[in-house]
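Down below is the structure, laid out as structure tokens.
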Amino acid sequence: MSAATEAAEPLVCVEDVHTYYGKSHILHGVSLTVGTGEVVGLLGRNGVGKSTTLKTIMGLVQPSRGAVLFAGKRITGTPPHKLARLGIGYVPEDRRIFRLLTVTENLRTGLDRHGVTEERRKTLLDKVFTYFPVLAERRGQAGGTLSGGEQQMLAIARAMMLEPRIILLDEPTEGLMPRMVAQIRNIIDVLHGERVSILLVEQNVPLTLEASQRVYILEKGCVRHHCAASAIDVNDPLIKQYLGV
Amino acid sequence: MATIVQFLHSIPIDLLIIQTVNGVVTGMILALVASGLTLIFGIMDVVNFAHGELFMLGAYMGVIAFAMTGNFWLALALSALILAIFGAALQIVTLRPLIGRDPLNTILATFGISLVLQNYALWQFGPVARKISEPIGAEFTLFYLQYPWYRIVIALLSGAIIGAVWLFLKFNKYGVWVRATTQDRVMAQAMGIPVPLVYTGVFALGAAMAAVSGVLFAPFGGVDSQMGLQWVLEAFIVVVVGGMGNLGGSIVAAIFISLLEAYAAVWLDPSQAVIVSFVVLILTLLFRPTGLFAAPK
Ligand SMILES: Nc1ncnc2c1ncn2[C@@H]1O[C@H](COP(=O)(O)OP(=O)(O)OP(=O)(O)O)[C@@H](O)[C@H]1O
Ligand SMILES: [Mg+2]
């Protein structure tokens with residue numbers, strides 16, 4: 001294996017995970033790793049189980065078999081609020097902004113943790129307001145009144161308030177206009193520069209290949225392909241078939 | 001035309017003013033009961049059928065604490081504290097295990113709890129109503145009536161408590177947790193908010209608010225095992241009319257309905273005046289099922 005295909009220091013390991021919704025078997029033994037400071041893309045057609053993989057890592061659905069490890073420790077069965085405190089940030093595909101909370105209050109949900117000093121709060125807020133100036137303008141406005149793109153930025157900013165070691169990003173650029181896509185692309189690079197790991201689920205294949213070091217391709221709840229992002233040839237008919245492009 | 005003028009002349013202005021005061025006083029206690037109920041509804045998505053029994057137990061605790069301490073206000077605080085602890089324990093033992101199940105389970109559980117608590121109170125305290133006297137004896141003259149200051153104090157105190165809860169929800173760290181959990185419990189968890197703890201805390205807060213209203217109301221009607229029934233029925237109506245889970249709406253609806261009933265009692269027999277709140281309830285369900293005072297989503 002080349003250096004790019006192995007995670008030097010795995011932060012998150014998903015090991016042979018099987019997940020069901022009721023009786024329907026969605027994940028059929030997914031295994032993947034994300035290294036510290038690494039951006040990893042997770043690609044695949046609609047409905048192959050990308051979001052379900054993220055939910056399983058976040059503890060929002062329980063795998064019936066297999067395990068998820070975080071920094072070497074088994075976290076399967078740990079309640080999501082503890083995982084958030086351990087350092088896993090989650091940005092769901094439907095954003096799930098607290099609609100009646102203001103922008104500031106949405107950010108507070110991640111800031112009101114034990115051991116965050118007043119100074120640290122200010123630094124964290126200043127940081128997101130620098131990258132997403134529109135959130136600063138709208139800080140007193142209810143989350144539900146923001147546009148789709150602004151809500152997406154708020155969802156990412158909110159996860160950043162947790163100072164996570166990894167962020168699970170589910171289709172962050174879906175339905176956004178190019179200028180906002182560029183802002184999202186930028187924040188991924190900023191987080192990468194701070195050695196925050198990212199597991200990125202995207203339909204935007206070029207963006208994913210650009211932003212990630214490695215990619216996994218899911219098909220029908222299994223990892224079909226795994227390689228360095230640079231090794232993927234989007235014109236390869238097999239890849240086209242996996243991605244449905 | 002003449003009949004209208006005659007009718008207008010026949011309106012007893014003094015009586016209307018008295019009834020306005022009465023309506024606001026009852027409305028404020030009702031608002032206190034209903035705010036606890038609506039907070040719990042917001043979190044659990046189901047109505048707490050045991051709320052009236054928390055009100056009733058709160059009143060009993062007030063009577064007992066009063067007998068021990070001799071101080072009404074101390075008894076009020078003790079009752080709130082005891083019911084908060086009791087509410088937390090009740091939630092942990094009976095309702096927490098049901099989180100994530102079909103809401104019907106929770107509805108049945110709270111209904112069962114209500115029956116158990118009612119019968120427990122009957123067994124423990126007996127069928128004879130306990131009395132507790134008003135802590136403030138002073139009265140003032142309102143037209144031809146001697147009106148007790150205590151009623152005015154109750155209204156102010158209820159308003160102050162509701163105001164304090166509102167400030168807590170708006171500005172306090174844990175208040176933000178409660179609102180976030182009410183809106184999206186899954187995302188609240190993903191943001192590190194200990195949602196099961198928030199459930200327990202809100203239930204405890206609701207129980208304490210019910211207890212306070214129970215003690216404040218106790219000097220009017222006496223304390224017995226059935227006293228929660230009437231209040232909780234009115235509180236349900238208020239919660240629906242105000243918009244399920246909407247705190248501000250519940251408060252406005254409580255005062256609105258109490259005023260309507262008070263005015264209706266000018267012309268109708270008080271027992272018929274209760275019908276007014278049902279009419280409002282039915283009209284609300286027919287034409288604005290999300291509540292008269294609900295902010296449109
Ligand atoms: N709560 C649920 N209950 C039952 N089935 C579900 C649930 N959520 C997802 N599924 C099913 O599980 C499968 C995988 O869903 P998932 O959301 O993980 O797909 P995805 O890869 O994220 O798709 P997309 O690209 O459309 O977001 C789909 O067939 C979906 O219908
Ligand atoms: Mg998805």
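Since the model is a prediction, treat every value here as computed from it, not as a measurement. Chain letters run A, B, ... following the sequence lines, proteins first, then strands; residues in each count from 1.
Atom CZ of B:F168 sits in a crowded spot, with more than 12 heavy atoms from other residues, nucleotides or ligands closer than 6.0 Å. Under a cut-off of 6.0 angstrom, the local environment of CZ in A:F129 is crowded, with over 12 non-hydrogen atoms contributed by other residues, nucleotides or ligands. At most 12 heavy atoms of other shown residues, nucleotides or ligands fall within 6.0 angstrom of atom NZ in A:K82.
Atom CZ of residue A:R85 and atom CD1 of residue B:I193 lie 8.0 Å apart, to the nearest 0.5 angstrom. Note that CE of B:M191 is 4.0 Å distant from OG1 of A:T109, once rounded to the nearest 0.5 Å. Atoms CG and CG, on B:D184 and A:L100 in that order, are 11.0 Å from each other to the nearest 0.5 Å.
Proximity to chain B is limited to the side chain of A:L60, based on heavy atoms less than 4.5 angstrom apart. Only the side chain of B:Q183 has a heavy atom closer than 4.5 Å to any heavy atom of chain A. In this structure, chain B has heavy atoms under 4.5 Å from both the backbone and the side chain of A:R96.
Of all heavy-atom pairs between A:P92 and B:M187, the closest is CG-SD, 3.8 Å. B:Q189 and A:A84 make their closest contact through O-CB, 4.2 Å (heavy atoms, listed as atom of the first residue, atom of the second, distance). In terms of heavy atoms, A:H81 sits closest to B:V195 at ND1-N, 4.4 Å. Nearest heavy atoms, A:F98 versus B:A180: CE2-O, 3.5 Å.
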Assess the residue pair A:L101 and B:R179 against the criterion (side-chain contact (heavy atoms from CB on, under 4.5 Å)); give the C-alpha distance rounded to whole Å, side-chain angles, the decisive distance to 0.1 Å, and a yes or no. CA-CA 8 Å; A:L101 265 55; B:R179 285 190 290 143; 3.8 Å; yes

